[in-house]
Amino acid sequence: MAGPAPLLELRDYSLSIDSFDGRLQVLDGVSFSIAPGEVVGIVGETGCGKSITVKSVIGLVPSPPAKVESGTVSFDGRDITAAGESAIRRLRGREVAMIFQDPMTYLNPLFTVGQQLSDVIRAKEALDPAAAPRTRAERRAKALALLGQVHLPDPERQFESYPHQLSGGMRQRVLIAMALAGSPRLLIADEPTTALDVTIQAQILDLVKELVETLGMAVIIISHDLGVVAALCRRILVMYAGTIVEDAGTADLFENPRHPYTRGLLAAIPRLDGSVTSLSGIPGSIPNFIEPPQGCRFHPRCAQAGARCGRERPRNLEVAPDHWTACHLFDGGVE
């Protein structure tokens with residue numbers, strides 16, 4: 001039986017950005033879909049294209065200098081690839097919300113938490129012509145309810161506080177409350193625990209998990225931390241240099257990684273039963289996006305690469321049930 005129709009779907013999505021040094025080919029044929037209520041992680045090294053993929057989809061990458069070279073993006077069956085700014089703003093304000101990795105950067109130090117959250121509520125109301133305008137008291141009540149929903153202690157007090165008076169974990173909860181103000185169907189969390197200590201990280205992850213269960217949102221978690229996505233996600237997309245190299249269920253990916261890049265990422269994770277000398281890394285670095293490698297973009301760093309890898313782009317193949325990878329090792333060999 002066919003599953004639910006995708007909420008978000010990218011097909012062969014390629015994006016370039018003009019820079020002073022030349023045109024950067026930052027995304028190359030990215031394809032994936034997110035079902036309603038699904039929690040998906042996107043992982044990879046810094047600079048591999050995780051954040052820019054979702055930011056470009058929701059209009060947070062200016063065009064120009066960014067340009068969609070090919071492919072389509074659809075949300076709930078609607079093609080939004082070439083949607084205008086007003087349509088993308090409505091989508092971003094009402095159906096899609098994003099949590100960023102550094103809450104202090106996105107909170108204005110000159111205004112209280114309550115003022116900023118109330119302004120977000122008012123802005124989201126303005127995007128919904130069917131919504132009756134709330135009074136100031138009603139917006140305050142909704143803001144307090146949202147702060148309570150994200151388990152911020154003493155919402156009345158925090159409503160009157162300035163961002164610098166809150167801890168990092170409390171500020172992240174405020175950003176989550178702002179994201180929930182429009183009752184989004186898709187929540188994008190971009191490195192939501194990067195600047196937090198381990199204990200607070202666990203609390204934020206538990207909160208996101210609780211919100212998914214109670215609100216039924218689809219969630220995309222962007223992270224370089226495989227432990228974070230393992231704790232939250234049903235499925236993981238592994239991204240390298242603007243391409244999706246592996247797509248699998250979380251348990252399957254950890255137990256049986258197929259792509260050499262995925263194996264390298266997993267091998268670099270410290271183990272409780274290992275020593276520091278047992279750690280390994282992936283040689284080299286992310287390629288230059290102005291002149292990316294021909295064929296498989298990972299082949300200059302891959303110990304298993306052959307002549308075919310440098311001349312032919314690998315196809316995305318289903319190597320096991322619901323487990324996809326783009327590697328010549330599973331498509332006739334590398335020579």
Chi angles and distances behind the side-chain contact (heavy atoms from CB on, under 4.5 Å) call for L265, T262: CA-CA 5 Å; L265 290 179; T262 308; 5.6 Å; no
Verdict with reasoning, L207 to Q172, per side-chain contact (heavy atoms from CB on, under 4.5 Å): CA-CA 11 Å; L207 173 60; Q172 192 63 282; over 6 Å; no
Trace of the side-chain contact (heavy atoms from CB on, under 4.5 Å) decision for Q149 with L215: CA-CA 11 Å; Q149 189 174 13; L215 301 178; 3.7 Å; yes
Check against side-chain contact (heavy atoms from CB on, under 4.5 Å), I52 and I17: CA-CA 11 Å; I52 201 167; I17 297 179; 3.3 Å; yes
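Placement of Y261 and L266 within a single hydrophobic cluster is found when ILVMFWY residues are connected by side-chain heavy-atom separations under 4.5 Å, directly or transitively. The cluster map of Ile, Leu, Val, Met, Phe, Trp and Tyr, joined by side-chain heavy atoms under 4.5 Å apart, puts V54 and V219 in the same cluster. Note on W324 and V238: separate hydrophobic clusters, where clusters join Ile, Leu, Val, Met, Phe, Trp and Tyr whose side-chain heavy atoms are under 4.5 Å apart, directly or indirectly. L147 is not connected to M104 by any chain of hydrophobic side-chain contacts under 4.5 Å among Ile, Leu, Val, Met, Phe, Trp and Tyr, and they are in different clusters. Placement of V73 and V68 within a single hydrophobic cluster is found when ILVMFWY residues are connected by side-chain heavy-atom separations under 4.5 Å, directly or transitively.
Side-chain atoms of R297 do not come within 3.5 Å of backbone N or O of P292 as any donor-acceptor pair. Using modelled atom types, no side-chain atom of T325 and backbone atom of L317 make a donor-acceptor pair closer than 3.5 Å. Panel note: side chain E191, backbone H224; a donor-acceptor pair is recorded below 3.5 Å. Of the possible polar contacts, one joining the K50 side chain to the G44 backbone as a donor-acceptor pair under 3.5 Å is found. The backbone N or O of Q25 sits nowhere less than 3.5 Å from a side-chain atom of S16 that would complete a donor-acceptor pair. Between the T243 side chain and the Y240 main chain, a donor and an acceptor come within less than 3.5 Å of each other. Side-chain atoms of R173 come within 3.5 Å of backbone N or O of V150 as a donor-acceptor pair. Looking at R171, its side chain does come within 3.5 Å of a backbone N or O of P163 through a donor-acceptor pair. At least one donor-acceptor pair under 3.5 Å links the side chain of S63 to the backbone N or O of A66. Judged by distance alone, the side chain of R94 and the main-chain N or O of G182 form no donor-acceptor pair under 3.5 Å.
Under 3.5 Å, the side chains of E210 and H151 contain a donor-acceptor pair of N or O atoms. With hydrogens and angles left out, the side-chain atoms of D79 and T81 include a donor and acceptor closer than 3.5 Å. There is no side-chain donor-acceptor pair under 3.5 Å between Y106 and Q116.
In this structure, L146 and I121 have side chains that are in contact, with non-hydrogen atoms separated by less than 4.5 Å. Side chains of F75 and L91 form a contact here, defined as non-hydrogen atoms less than 4.5 Å apart. Side-chain contact between L253 and H259 is absent, with no heavy-atom pair separated by less than 4.5 Å. At a threshold of 4.5 Å between non-hydrogen side-chain atoms, the residues E95 and L7 do not count as touching. The side-chain heavy atoms of F32 and V40, taken from C-beta on, include no pair separated by under 4.5 Å. Contact annotation: the side chain of V113 never approaches that of M170 to less than 4.5 Å [non-hydrogen atoms, C-beta and beyond].
Scanning both residues, P260 and C327, for their nearest heavy atoms gives CD-SG, 3.8 Å. Considering all non-hydrogen atoms of both residues, S56 and L27 come closest at OG-CD1, 4.3 Å. Considering every non-hydrogen atom in both A218 and I34, the closest pair reads CB-CG2, 4.0 Å. Closest heavy-atom contact between M98 and I58: SD-CD1, 3.8 Å. The heavy-atom pair separating P155 from L144 by the smallest distance is O-CD2, 3.6 Å. Nearest approach of A179 to L187, heavy atoms of both residues: CB-CD1, 3.8 Å.
How far CD1 of I244 is from OG of S31: 8.5 Å, rounded to the nearest 0.5 Å.
Taking the ring centre of F159 as origin, the terminal cationic atom of R140 falls inside the region bounded by 6.0 Å and 45° from the ring axis.
Under a cut-off of 6.0 angstrom, the local environment of CZ in R136 is sparse, with at most 12 non-hydrogen atoms contributed by other residues, nucleotides or ligands. Around CG of D322, the count of heavy atoms belonging to other residues, nucleotides or ligands within 6.0 Å does not exceed 12. The local environment of CD in E318 is crowded, with over 12 non-hydrogen atoms from other residues, nucleotides or ligands closer than 6.0 Å. For R89, the CZ atom sits in a loose shell: 12 or fewer heavy atoms of surrounding residues, nucleotides or ligands are nearer than 6.0 Å. Heavy atoms from other residues, nucleotides or ligands lying under 6.0 Å from CD of Q165 number more than 12.
Salt bridge R258/E246: absent, no basic N to carboxylate O contact under 4.0 Å. Between K142 and E125, none of the side-chain N atoms (NZ, or NE/NH1/NH2) sits under 4.0 Å from a carboxylate O, so this pair counts as no salt bridge.
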